[in-house]
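Take a look at the structure below.
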Amino acid sequence: MKPARLDRGLAIAGLQRLWAGTRLDDLLMEMAPEQAGRGTLQWLWSACLRQHGSLRRLTELLLRKALRPEDEDLSALLHLALEELRAGQRPDFAVVNDWVGACALLHKEWARGLVNALLRRYLREREPLEEQIRDAHWNHPQWLVRRLQQVYPTQWPDILAANLREAPLWLRVNPQAITPAAYAERLAEASLPAQSHAGLPEALRLDTAVPVRALPGWERGWVSIQDGAAQRAAHILAPRPDERVLDACAAPGGKTTHLLSFGVRQLTALDRSQARLERLRRELQRLQLPLPSLHVADAADVDAWWDGMVFDAILLDAPCTASGVIRRHPDILLRRREDDVERVRHEQRRLLAALWRVLKPGGRLLYCTCSVLPEENGEQIASFLEEHDDARALPHPQCGQRLPGEEGMDGFFYALLGKIPMAVPVSRETDGAHCRAAAQDRV
Ligand SMILES: C[S@@+](CC[C@H](N)C(=O)[O-])C[C@H]1O[C@@H](n2cnc3c(N)ncnc32)[C@H](O)[C@@H]1O
């Protein structure tokens, strides 16, 4: 990262937008679409989001008197400057000079002395100040800390710590373009050593993030960015080329393109967001994959999009709290509210029930979320199994709850559900035998 080349005006305005609830991904697309400064902005915005609680306490301590609401831009400037000083990637004097200079970009020349004094005081009193803000160091909303403590009484500190670390860069090689081994060689030639993963044949992990255009063959569709945990989904569902497959919440399409790389010929992809589906369309073009049947739709409103032909395999990558991917989307720390849990749990339940109708008897549905909260995961699936006599959990070694940081991956949950074929009864006796067998099959 080269913070010296940062567009500081953009950084300040963007951080204010993030505080107001804009998603980090959307902001990056909108404000920094070209590659040059994007990496630096992403790094600094992410760091400020991860450290939001600490930075707020620090600026309160330094300022003594709160800034006026119309000087929120100066607060953002101070957060960015302090986080750059804390990161220590450039000489302190250069960081201070550049951020003092940024007051001019805000047309607030009067604040130069204030910013200069506060940043220099931080440098002088760094250790005692950092000690004073230690109790804010988890930087998570209190409700989430409480919930994680309840659910994971021994693991919660590791989960919080993993959420605050930068994630490695996981790649998924497009086997239709190049073999993973040949791609690993190309990376090594570009001085980007990568590690493979035994359970994920197309995965390569880089410990340092690089701009996508630095990746060999990016424009030619040789590779995609996708966390290892997300790559597991297509391998668990394991679609065959002749199967009719539904990807119900598909955009922006990481898993859709993975499913297509299994050679699936009949794939339907739905998402309720037109804009996100457009990103999927662009990704399909870059990877030179065949266009599946794409629909902007509420997947639970089956009558609005379904042609009446059942699916052999369904992927429901459900909307969720994203509490397992905070390390990649640190804006969640600011945006997520406790009552979101109940809202998404309701939506997941609605989607599961509706999509079950379009699954063929004998077919399978993979339910996954990037959440670590049981009400969206194990508890959601347990209620579903209780309410659906024709459903059973199919055992699979990769299924269950994974926590953030395990094997360097995001936190994810996977449950593979099978639809029990309800045989047409031949006689009372065989019908009874079938039902008993089916009941025994249920896990
Ligand atoms: C976890 S993301 C999916 C990520 C995607 N599967 C991938 O691998 O790139 C959840 C998606 O569900 C979509 N969504 C939420 N509710 C939906 C609904 N009722 N019907 C269809 N899509 C929905 C959201 O727009 C979002 O794109």
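Quantities reported herein were computed from a predicted structural model and do not represent experimental measurements. Positions are given from 1 along the sequence. Start at 1 and go down the list; that is how both ligands and their atoms are numbered.
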Ligand-side contact atoms (ligand 1) for residue partner Pro252, heavy atom cut-off under 4.0 Å: 9 (O)
Would you say the ring centers of Tyr414 and His235 fall short of 6.0 Å from each other? no
Do any nitrogen or oxygen atoms of Pro319 come within less than 3.5 Å of a nitrogen or oxygen of ligand 1? no
Pairwise distance CH2(Trp99) to CG(Leu105) - rounded to 0.5 angstrom: 9.0 Å
Would you check if there is a donor-acceptor pair between the side chains of Gln285 and Arg282 at a distance under 3.5 Å? no
Do me a favour and list the nearest non-hydrogen protein atom to atom 2 (S) of ligand 1 with residue, atom name and distance? Arg276 NH2, 3.8 Å
Note the single closest protein heavy atom to atom 13 (C) of ligand 1, along with its residue, its atom name and the distance in Å. Asp271 OD2, 3.2 Å
Charged N to carboxylate O under 4.0 angstrom, Glu219 versus Arg213? yes
Arg17 to Trp45 six-membered ring, cation-pi geometry met (6.0 Å, 45°): no
Taken to the nearest 0.5 Å, the spacing of Ser46 OG from Leu18 CG works out to 8.5 Å
So for Ala230, does at least one of its heavy atoms come nearer than 4.0 angstrom to any atom of ligand 1? no
Flag Gly254 as yes when one of its N or O atoms lies below 3.5 Å from any N or O atom of ligand 1, and as no otherwise. yes
Leu49 side, atom CG; Ile332 side, atom CD1 - distance, nearest 0.5 Å: 10.5 Å
What are the atoms of ligand 1, with element, lying closer than 4.0 Å to any heavy atom of Ala297? 20 (N), 21 (C)
Would you compute the distance between atom CD1 of Ile314 and atom NZ of Lys419 and round it to the nearest 0.5 angstrom? 7.5 Å
Please determine whether any non-hydrogen atom of Ala251 lies less than 4.0 Å from an atom of ligand 1. yes
Shortest non-hydrogen contact between Val296 and Arg272, atoms and distance: CG1-O, 3.6 Å
Could you give the distance from CG (Leu204) to CZ (Arg172), rounded to the nearest 0.5 Å? 12.0 Å
Distance filter under 4.0 Å to Asp298 heavy atoms, resulting ligand 1 atoms: 18 (C), 19 (N), 20 (N)
So does Lys360 pair up with Asp312, basic N to acidic O under 4.0 Å? yes
Compute both the distance and the angle, then confirm whether Arg402 meets the cation-pi test with Phe412: under 6.0 Å from the six-membered ring centre, within 45 degrees of the axis. no
Which residue and atom name correspond to the protein heavy atom nearest atom 8 (O) of ligand 1, and how close is it? Lys255 NZ, 3.0 Å
Region of Leu351 engaging ligand 1 - heavy atom pairs below 4.0 Å: side chain
For atom 20 (N) of ligand 1, which protein heavy atom lies nearest, and how many Å away is it? Ala299 N, 2.9 Å
Residue-ligand contact Arg350/ligand 1, heavy atom below 4.0 Å: yes
Any atom of ligand 1 sitting under 4.0 Å from a heavy atom of Ala248? yes
Nearest protein heavy atom to atom 17 (C) of ligand 1, by residue and atom, and its distance? Arg272 CD, 3.6 Å
With a cutoff of 4.0 Å, is Ala322 in contact with ligand 1, counting heavy atoms of the residue only? no
Distance under 4.0 Å to a non-hydrogen atom of Ala250: what atoms of ligand 1 satisfy this? 5 (C), 6 (N), 7 (C), 9 (O)
Go through ligand 1 atom by atom and flag the ones less than 4.0 Å from a non-hydrogen atom of Gly253. 7 (C), 9 (O)
What residue and atom, counting heavy atoms only, is the protein's closest point to atom 6 (N) of ligand 1, and at what distance? Asp317 OD2, 2.7 Å
The closest protein heavy-atom partner of atom 12 (O) of ligand 1 is Cys249 CB, 3.2 Å
Aromatic plane relationship, Trp19 with His52 - under 30° parallel, 30 to 60° tilted, over 60° perpendicular: perpendicular
Between Ser273 and ligand 1, does any nitrogen or oxygen pair lie at a separation below 3.5 Å? no
